[in-house]
Amino acid sequence: MTVPLDTVNDIRSMDAAGRSRSEIARMLHVSRNTVAKYADMEDMSPAAPMPQRRGRPALEGDEEWVAGVLEADLGAPGKQRHTARRIYDRLVAERGYGGSYSTVQGFVREPRLARAAGGEGYLELEWAPGTCQVDFGNSRAAVGGRAHRGGSARGPRGNLRAAVGGRTLDLRLLVATLPHSNGRQCVALMSQRSGCLCAGLLEIFRRWGRTPAAMVLDNATEAGRMVRGEVTESRLFSQFRAHYRFESRYCNPYSGNGKGSVENAVGLLRRNLLVSVPAFGTLPELNAFLAEGCARVNAAARCRDGRPHGEACREDLAAMRALPGVEFDAARWATARADKRGYVEADGREYVAGPAWHGRSLLVGMRASTVEVLADRGRRVAVPPPGPSGRAPRSGTPSRSCPPLSPGRGPSGSRRSGTTCRRGSSRGSTGWTPPAGGARSGRSAGRASPRVSRRPARRRSGSSRAAASPTTPRSTCWRDASGGGGAGGADLSVYDEFLKGAVADGS
């Protein structure tokens, strides 16, 4: 029974007044032992409430054996160490233990908790003004009218799932923060490759109007890799970093405390800007929406010391560097050899250079939204047009990249129909010679190009070439290159009558 503190004070006061302890016990209705205990107590300071260790009589004689087993486990592999259940089973089988399992479990827990207490701890990081954190996050959007349903059953292949211009694409969401002022920005990208990463960072730099003094990344980006403490940066990102003159630091991607600001920003921007799933027609429209949303989030944000974001952001901007006068061109150049069709392959994608360039070694410049094909001495061969997403298609339209068509020469030197792309032809005339094959050849030529030469066609005996059809890629290329369509072309029906007469004379 605990004696109330008021009774203790009365005991000590009456004892100090000179009353006998028997009288104090009768007046306060307590025992004389209680009076003697509190009257003779010299220190009334409160003691720490330490839990009392419970005795384990069932383990008496076996405690040293269990402690030895736990000590031997320190040198064994982690998956081959004794559990409390295994120690209990061995005690029962080898030493005739008759106690409960909970007694053994409590005894085993104490030394393990004591060893775990010496583990690593964490301190809150302080970020200097002008420091930026960068990471990719997971989110989903609908661009072009419908959401992307691709990916495996275990999850999407990309971070931002979207449909751009009617095609399903895997997009990525690049998030950058300023931890000192708690500022946040995000950009939707086509991939995590170094070219797209640099283009996304450049877009964020434009929003800030400045360049950060230092940037913290992890191994999940295409900026660089850390292997055994040594960082190897990609060549393009190293050039980008040298252009804008900022430092880079890399942390473990599995240690979120190293860049907690951007980790939290990923979830915050996803909840506030991408719920419910937004829908846009093009990727630039989505990025404009994200920029406006980030401005709204930053306007209501506060830094860790309670100040508004705008006040602390001025300190960030003062510690950052001005943008250079020339923007960085984030292009990755690769050498590729065109196949017999005039296609070059780069990063697993095919682009049209034109049949005239078959077998030639060409340079392919890959940017975040465009692809450029160059020949020797920097001559531009083709620039596949970007789609609604801002990215070049997998294969370009032949009429956009092929030079004008001109008649070629057969193996024996005889003139043949213009079936290949030739450089150096004039833009006014394609010099097309219709192939033999029947009365529909003239009409097909008329539909193919309104500027086709009206030189009379010559019948070549022994030719087995099929007649040109307006639906074949060759006719489509002729028609697109000349700007004509299926209707409104030159009337070449006179060639039909000419061919009919030539066939009748030959028979």
Side-chain angles (χ1 to χ4, degrees), residues 122-141 159-160 171-189 192 197 199-218 220-221 223 244 246-251 253 255-278 280 283-323:
Y122 300 96
L123 296 176
E124 184 176 354
L125 301 178
E126 287 224 10
W127 297 95
T131 305
C132 168
Q133 296 181 13
V134 176
D135 196 12
F136 283 94
N138 299 316
S139 55
R140 180 182 178 185
N159 301 119
L160 180 79
L171 305 180
R172 274 71 175 173
L173 189 69
L174 178 67
V175 181
T177 62
L178 297 173
H180 178 74
S181 61
N182 209 16
R184 310 170 182 99
Q185 294 291 342
C186 63
V187 178
L189 302 174
Q192 293 187 20
L197 172 65
L201 291 176
L202 178 56
E203 173 63 25
I204 294 176
F205 291 174
R206 292 196 197 102
R207 299 178 188 176
W208 287 335
R210 308 280 287 179
T211 302
M215 183 178 296
V216 179
L217 309 101
D218 60 20
T221 64
Y244 289 101
F246 63 85
E247 299 178 1
S248 62
R249 298 199 298 266
Y250 294 84
C251 62
S255 299
N257 61 297
K259 49 182 180 59
S261 174
V262 70
E263 296 285 353
N264 293 331
V266 169
L268 185 141
L269 295 178
R270 179 170 53 233
R271 292 188 299 269
N272 287 273
L273 303 184
L274 299 173
V275 178
S276 58
V277 179
F280 294 93
L283 187 61
E285 293 179 6
L286 173 60
N287 283 327
F289 168 78
L290 293 177
E292 295 176 1
C294 290
R296 293 194 305 270
V297 171
N298 292 334
R302 290 183 174 271
C303 56
R304 298 190 66 85
D305 56 7
R307 292 181 298 165
H309 162 73
E311 180 180 345
C313 185
R314 287 192 289 269
E315 300 175 0
D316 267 326
L317 297 178
M320 298 166 75
R321 298 184 176 91
L323 290 173

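The basis for the numbers below is simple: all heavy atoms, side chains too, and nothing from hydrogens, waters or symmetry mates.
Atom CZ in R249 sits 13.5 Å away from atom NZ in K259 (nearest 0.5 Å). Atom-to-atom distance recorded for N272:CG and R296:CZ is 9.0 Å, nearest 0.5 angstrom. Summarising the geometry, atom CG belonging to L268 is positioned 8.5 Å from atom CG belonging to N182; distances are rounded to the nearest 0.5 Å. Distance check, rounded to the nearest 0.5 Å: CD of Q192 to CG of L197 gives 8.5 Å.
R210 places a side-chain N or O within 3.5 Å of a backbone atom of M320 that can act as its donor or acceptor partner. No donor-acceptor distance shorter than 3.5 angstrom exists from the side chain of D135 to the backbone of V175, with no hydrogens or angles considered. Under a 3.5 Å cut-off, the side chain of Q133 and the backbone N or O of V262 do form a donor-acceptor pair. Under the 3.5 Å distance criterion, the side-chain polar atoms of N287 are matched with a main-chain donor or acceptor of A188.
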Side chain to side chain contact (heavy atoms under 4.5 Å, CB included) evaluation trace for L173 with L269:
CA-CA 10 Å; L173 189 69; L269 295 178; 5.6 Å; no

Exercise. Given side chain to side chain contact (heavy atoms under 4.5 Å, CB included), test C294 with L273 step by step and report yes or no.
Key: CA-CA 8 Å; C294 290; L273 303 184; 4.2 Å; yes

Point to revise | Full working for side chain to side chain contact (heavy atoms under 4.5 Å, CB included) between L290 and V187 | key: CA-CA 7 Å; L290 293 177; V187 178; 5.9 Å; no

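Taking both residues in full, the closest heavy atoms of F205 and M215 are given as CZ-CE, 3.8 Å, listed atom of the first, atom of the second, then distance. The nearest pair of heavy atoms linking T131 to L178 is O-CD2, 3.5 Å. The two residues L189 and G200 have their closest heavy-atom pair at CD2-CA, 3.8 Å. Residues C251 and V216 approach most closely at SG-CG1, 4.3 Å, considering heavy atoms. When all heavy atoms of W208 and A176 are compared, the pair lying nearest together is CH2-CB, 4.1 Å. Scanning both residues, T211 and Y244, for their nearest heavy atoms gives CG2-O, 3.3 Å.
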Would you tabulate the side-chain donor-acceptor contacts of residues 310-317 under 3.5 Å, counting partners in other chains and residues two or more places apart, or write 'none'?
from : atom 1 : to   : atom 2 : distance (Å)
E315 : OE1    : H180 : NE2    : 2.6
E315 : OE1    : R307 : NH2    : 3.4
E315 : OE2    : R307 : NH1    : 2.7
D316 : OD1    : G130 : N      : 2.7
D316 : OD2    : S181 : N      : 3.2
D316 : OD2    : S181 : OG     : 2.6

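E203 meets the salt bridge (Lys or Arg N to Asp or Glu O under 4.0 Å) test with R206, R207; sequence neighbours excluded.
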